[in-house]
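In what follows, a structure is listed as structure tokens, so that the remarks can point back to it.
When a residue number appears, it is its place in the shown sequence, counting from 1.
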Amino acid sequence: MWKVGVSAAWRAAYRRSVRSAFATVPFYRERWALDGRTDPVLVPGRTGTDSGAASLAEAVHKIVDLVPLAGGTQRIEPNRGLGPVLRGARSVTGDALVVVLGDERMRPPSDLPRGVRCCVVDPDVPAPGVLAELASALRGGRRVVAVGDDKQLAAFGAALPEDRAYRVESVPRRELDTMDTGPYGVLHDPALGYLGAIEACGRWHLDWPRVYARPTSGGLAFTLLRQDSPRFVDVLPAGGVRGEIAPCPRHGTPVVLT
């Protein structure tokens with residue numbers, strides 16, 4: 001059963017995003033005017049392909065058209081949303097150090113709690129400065145949390161001295177087609193950023209104040225509710241992952257079932 005008010009508020013935010021995208025974003029204005037969409041229907045008599053959802057790859061290819069008419073950035077933020085979902089997977093506060101494993105050219109997340117230090121690290125060749133900061137954090141008793149896929153976490157662990165590697169907390173990063181049963185993990189897409197996390201109940205919870213998802217004939221379609229530009233509304237990640245969205249029996253908020 002849904003928690004009181006969650007389902008209605010979530011759906012209302014999604015409908016506002018759809019109508020705003022139709023009114024202001026070229027990609028969706030053209031697509032839905034010509035082909036239509038459902039739920040909500042914007043052009044009577046035109047229901048659209050896959051209920052109006054679009055391939056994420058197609059959207060990214062036309063990223064200039066995902067910018068609203070009033071202007072905005074074309075920059076994709078792979079680390080968007082890490083702060084909120086990490087709170088669900090591993091509560092990180094105070095002076096913790098979060099190590100995001102990946103391309104060092106990526107911008108670090110901007111939504112981590114105040115006081116938490118973050119760096120983006122190449123897991124195969126960590127920069128000497130990062131290793132020095134890591135050693136200093138561990139000597140000072142600070143928490144160190146590494147976020148990455150299994151291969152990245154293994155490579156990063158192998159690059160650390162043995163007495164330090166075991167003291168680093170690992171949070172596996174999963175994409176929709178590699179979701180498992182945890183016990184820890186964050187859900188990620190390279191273009192959309194972080195979408196959710198495994199919480200204490202063992203289920204994959206969506207970051208529902210910021211992310212909407214719904215099943216379509218093409219798979220699960222996702223909408224970023226709070227990103228102004230580029231706008232991602234009803235996009236289908238690679239592979240067209242099939243699944244359902246249901247209320248968590250314990251928390252009453254949206255979980256992903258695949």
Side-chain angles (χ1 to χ4, degrees), residues 6-7 9-11 13-14 17-18 21 53-57 59-60 66 75-92 98 100-102 106-112 118 120 145 147-150 152 171-216 218-248 251-258:
V6 167
S7 180
W10 197 41
R11 182 164 174 72
Y14 165 67
S17 293
V18 169
S55 159
L56 178 56
V60 170
L66 297 184
R75 184 177 58 242
I76 289 175
E77 296 282 2
N79 288 324
R80 183 217 60 84
L82 178 59
V85 305
L86 197 54
R87 286 195 289 271
R90 289 266 197 178
S91 181
V92 176
V98 174
V100 179
L101 302 177
M106 291 191 303
R107 291 160 59 95
S110 60
D111 49 17
L112 289 168
C118 180
V120 180
V145 178
V147 181
D149 63 32
D150 290 338
Q152 292 170 332
V171 177
R173 182 168 57 214
R174 300 283 183 250
E175 296 190 15
L176 284 162
D177 58 355
T178 60
M179 290 167 56
D180 59 13
T181 56
Y184 304 108
V186 287
L187 185 60
H188 181 258
D189 179 88
L192 301 177
Y194 290 87
L195 305 172
I198 294 180
E199 296 199 5
C201 60
R203 298 175 180 87
W204 284 97
H205 278 254
L206 280 176
D207 179 20
W208 70 269
R210 299 163 188 83
V211 179
Y212 186 90
R214 68 182 182 112
T216 73
L220 286 174
F222 288 82
T223 297
L224 300 185
L225 297 173
R226 297 189 183 180
Q227 181 163 296
D228 293 329
S229 182
R231 295 286 295 277
F232 290 108
V233 179
D234 271 343
V235 291
L236 301 163
V241 178
R242 307 288 172 176
E244 298 178 14
I245 306 298
C248 173
H251 299 101
T253 53
V255 295
V256 183
L257 307 175
T258 59

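For Phe222, there are no ring-ring contact (aromatic ring centres under 6.0 Å, His included) partners two or more places apart in sequence or in a different chain. Not counting sequence neighbours, the partners of Tyr194 by the side chain to side chain donor-acceptor pair (under 3.5 Å) test are Arg173. With sequence neighbours left out, Glu199 forms a salt bridge (Lys or Arg N to Asp or Glu O under 4.0 Å) with no residue at all. Applying the salt bridge (Lys or Arg N to Asp or Glu O under 4.0 Å) test to Asp180 and every residue at least two apart in sequence or in another chain returns Arg174. Checked against side chain to side chain donor-acceptor pair (under 3.5 Å), Arg80 has no partners two or more places apart in sequence or in another chain. Ala89 is linked by a side chain to side chain contact (heavy atoms under 4.5 Å, CB included) to Val171, Val186, Ala197, counting only residues two or more places apart in sequence or in another chain.
Remark: Met106 CE to Ile76 CD1 distance equals 12.5 Å, nearest 0.5 Å. Atom OG of Ser55 and atom CG of Leu236 lie 7.0 Å apart (nearest 0.5 Å). Note that CH2 of Trp10 and CD1 of Ile245 are 5.5 Å apart. Values are rounded to the nearest 0.5 Å.
Judged by distance alone, with hydrogens and angles left aside, the side-chain atoms of Thr216 form a donor-acceptor pair with the main-chain N or O of Gly218 at under 3.5 Å. Checking side-chain atoms of His251 against main-chain N and O of Cys201 turns up no donor-acceptor pair under 3.5 Å.
Nearest heavy atom pair, residue Val235 against residue Ala59, reads CG1-CB, 4.2 Å.
Cation-pi geometry between Arg214 and Tyr14 is not satisfied (NZ or CZ under 6.0 Å from the ring centre, within 45° of the ring normal).
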